[in-house]
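A short worksheet on the structure shown next.
Atoms within a ligand are numbered from 1 in the order they appear, just like the ligands themselves.
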Amino acid sequence: MKYDAIVIGAGMSGLAAALRLSQHDQRVVVLEKHELWGGLNSFYTLGGRPFDVGLHALTNYAPPGKKGAPLTRLLRWLRIKHEELRLGEHALSEILFPGARLEFTNDFARLESEVERLFPSERAGFAALAEWVRAFEVREDAPPAPSARALLAEHLREPLLCEMILLPVLMYGSAREDDVDVQTFAILFRALFLDGLSRPEGGIRSLLNLLVKRLKQNGAELRTRAGVKRVLVRAGRAHGVELESGEVLEAPVVFSSAGWVETMALAGEHVPRAEVGRLSFVESIWVLDCAPAELGHRAATGFYSTVPHARYRRPDGLVDAHSGVISSPNNFRAEKPLKEGILRISVLANHARWKALDGAQYAEAKQRASEEAAAAVRTYLPEWRGHAVFQDIYTPATIERFTSHAGGAVYGSPKKHLDGGTGIAGLYLIGSDQGYLGIVGAMISGVAMANRHVLMKLAGRAEAPVS
Ligand SMILES: Cc1cc2nc3c(=O)[nH]c(=O)nc-3n(C[C@H](O)[C@H](O)[C@H](O)COP(=O)(O)OP(=O)(O)OC[C@H]3O[C@@H](n4cnc5c(N)ncnc54)[C@H](O)[C@@H]3O)c2cc1C
């Protein structure tokens, strides 16, 4: 079979890239290894209940029509109306450290006043940091990865404030341990604090259903249970793929959301082990017989640390619950409230340790990890476990099984490729390892790479078509 473009992976970046190409009459096929689409942001049903895999919050919120906002640009590119997403904003989220709590909303002034309340001498420094982020432009030729810690120290004097601002950024997208490069810091600071958080009513399914429906309407193919075994390369140029079934599909352009290390392996190239991401999570999900707000918990998202110097690295043991993310989808505004209460806690985990367990050890370790996470946040949350009616837990092994990311690495490799290039002509990266993370980020990545490597070339111009 011959196509104009092949997309490996039906995660957010793959679906967005394919949708963009199909809107411009490109014959495109999306190949997904699993029976479901969504990748790191997929969905499942367990015990008769619908669950989202990754969705805590959609970052980069923008109200309808807000000029210059990444979400506005993305929706215009994909010809999706803002109201189709049915986004509900968070009423508030929080950053929790021993003896210190900062609240934030989608109004950045709230975070500024919280910083002033807790750290009065840092008001000007924090404002200058925000200004620096606003003015920052992502550059593909940026020098390699200066440290966001150094940037924070230039603007702020209170080490605790630096930690409190850095933790959410690390948790929502750093593939580097204990730090992040300034470019990713700027992208994520903006996504979390300047733009803000929301949730599509109906969860990730409603967004995925919309993308898949549009893809099919445009005549694009979405093939599930269609794992790619090899990217076919001749004379340094990709010309198609071979599926695990042995079927060969041809196209002059192949986009891959499988990840940098994984994509190069598909193309028969070796990548050093140091480039495999090290950061993965265990997430515990409790279904409650009441909304968390009824118990006194009103935050949609909470980034917590139980120690003043937050940890963000692969733990030696199975998990490290000293820092993590607390998420409650009930605490986003919605026309129809969720039927049940949900609380999720994600903590850092060691993929190799989880993979080494046998069946019985694995089940027991999941339970222990979830208890550790619950114990770690007990000073930050009202008691909720007496209200639990159902629980699910997933680990780095689950993440690897369902997304094929080496090491269960949620944010991919620490090595990013902003131009999408792989060194093989016609083979381009999209998604996390291109450099944009999160749901909106991954979709922007897919569209931006489709624009750059196909649509701009077709149109013979230096800018992508506007819509
Ligand atoms: C626990 C968790 C919580 C998260 N929370 C949030 C959040 O609240 N907000 C947010 O914005 N982001 C969140 N994220 C991050 C977000 O999910 C990702 O950044 C984003 O979805 C990545 O999309 P992607 O398209 O780059 O990659 P992926 O979603 O990884 O998609 C890659 C796809 O490629 C497929 N694939 C791989 N190899 C092959 C092959 N050989 N052949 C065929 N198919 C293949 C995989 O099966 C997968 O479907 C979270 C992630 C996790 C795991």
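Distances from atom 30 (O) of ligand 1 to the heavy atoms of R401, M443, H405, E32 put H405 nearest. Around atom 52 (C) of ligand 1, the closest heavy atom drawn from V30, D433, V410, V7 belongs to V410. Here atom 1 (C) of ligand 1 lies nearest to Y394 when heavy atoms of F402, Y394, F281, Y411 are compared.
By the 3.5 Å distance cut-off applied to N or O atoms, A258 is not counted among the residues near ligand 1. Considering both main-chain and side-chain atoms, G438 comes within under 3.5 Å of ligand 1 through a nitrogen or oxygen pair. Looking at ligand 1, you'll find an N or O of L40 within less than 3.5 Å of one of its N or O atoms. Between L437 and ligand 1, no pair of N/O atoms sits closer than 3.5 Å. The shortest N/O to N/O separation between A57 and ligand 1 falls below 3.5 Å. Checking only distances, S432 does come within under 3.5 Å of ligand 1, N or O to N or O. Residue N41 has at least one N or O atom closer than 3.5 Å to an N or O atom of ligand 1. At least one N or O atom of K33, backbone or side chain, sits closer than 3.5 Å to an N or O atom of ligand 1.
Classification of E103 and R110 as a salt-bridged pair holds, one side-chain N sitting under 4.0 Å from a carboxylate O. Between R385 and E371, no side-chain nitrogen of the basic residue sits less than 4.0 Å from a carboxylate oxygen of the acidic one, so the salt-bridge criterion is not met. For the pair E400 and K355, the salt-bridge criterion is met [side-chain N within less than 4.0 Å of a carboxylate O]. The pair R49-E340 meets the salt-bridge criterion, since a charged nitrogen lies less than 4.0 angstrom from a carboxylate oxygen. A salt bridge links E94 to R101: one of the charged nitrogens lies within less than 4.0 Å of a carboxylate oxygen. Checked for salt-bridge contact, R311 and E163 miss the test: no charged N lies under 4.0 Å from a carboxylate O.
Within the listing of ligand 1, atoms 42 (N), 43 (C) sit less than 4.0 angstrom from a heavy atom of G227. When each atom of ligand 1 is checked for a heavy atom of G431 under 4.0 Å away, the hits are 26 (O). Short contacts between ligand 1 and H34, defined as distances under 4.0 Å to a heavy atom of the residue, involve ligand atoms 47 (O). Near L31, meaning under 4.0 Å from one of its heavy atoms, ligand 1 places the atoms 43 (C), 44 (N). The contact set between ligand 1 and I439, taken as ligand atoms under 4.0 Å from a residue heavy atom, comprises 9 (N), 10 (C), 11 (O), 12 (N). Near S13, meaning under 4.0 Å from one of its heavy atoms, ligand 1 places the atoms 24 (P), 25 (O), 26 (O). Close approach of ligand 1 to S257 (heavy-atom distance below 4.0 Å) involves ligand atoms 32 (C), 33 (C), 34 (O).
Under a 3.5 Å cut-off, the side chain of R344 and the backbone N or O of H56 do not form any donor-acceptor pair. Remark: the backbone N or O of M443 is not paired with any side-chain donor or acceptor of S13 at under 3.5 angstrom. Using a distance-only test at 3.5 Å, with no hydrogens or angles considered, no donor-acceptor pair links the side chain of S256 to the main chain of T263.
When the ring pair (Phe, Tyr, Trp, His ring centres under 6.0 Å) test is applied to H34, the partners found at least two apart in sequence or on another chain are F402. Evaluation of the ring pair (Phe, Tyr, Trp, His ring centres under 6.0 Å) rule for F104 yields H90, F193 as partners, not counting sequence neighbours.
The aromatic rings of Y394 and Y44 sit perpendicular to each other, their planes meeting at more than 60°, with 30° as the lower class boundary. In this pair, Y312 and F281 present their aromatic rings tilted. The plane angle is within the 30 to 60° band.
In terms of protein heavy-atom proximity, atom 8 (O) of ligand 1 is nearest to H56 N, 2.7 Å. Of the protein's heavy atoms, T403 O, 3.4 Å lies nearest to atom 46 (C) of ligand 1. At the shortest separation from atom 40 (C) of ligand 1 among protein heavy atoms lies V228 N, 3.7 Å. Protein heavy atom nearest atom 39 (C) of ligand 1, with residue, atom name and distance: I8 CG2, 4.0 Å. Shortest contact from atom 31 (O) of ligand 1 to any protein heavy atom: G11 CA, 3.6 Å. Ranking protein heavy atoms by distance to atom 34 (O) of ligand 1, first place goes to G9 CA, 3.1 Å. Scanning the protein for heavy atoms near atom 2 (C) of ligand 1, the closest one is G54 CA, 3.7 Å. Protein heavy atom closest to atom 23 (O) of ligand 1, with residue, atom name and distance, is A442 CB, 3.6 Å.
For L58, the closest heavy-atom approach to ligand 1 does not fall below 4.0 Å. Judged by the shortest distance from any of its heavy atoms, G38 lies inside the 4.0 Å radius around the atoms of ligand 1.
The two atoms that bring S328 and P292 nearest to each other are OG-CG, 3.2 Å, heavy atoms only. What you find for E283 and V53 is that their closest heavy atoms are OE2-O, 3.8 Å.
In this structure, the ring of H417 has its center less than 6.0 angstrom from the ring center of W260.
With a 4.0 Å cut-off on non-hydrogen atoms, E262 does not touch ligand 1 at all.
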K416 vs E275, salt bridge (charged side-chain N to carboxylate O under 4.0 Å, His left out): CA-CA, chis, key distance, verdict
CA-CA 10 Å; K416 303 300 179 195; E275 292 177 18; over 6 Å; no

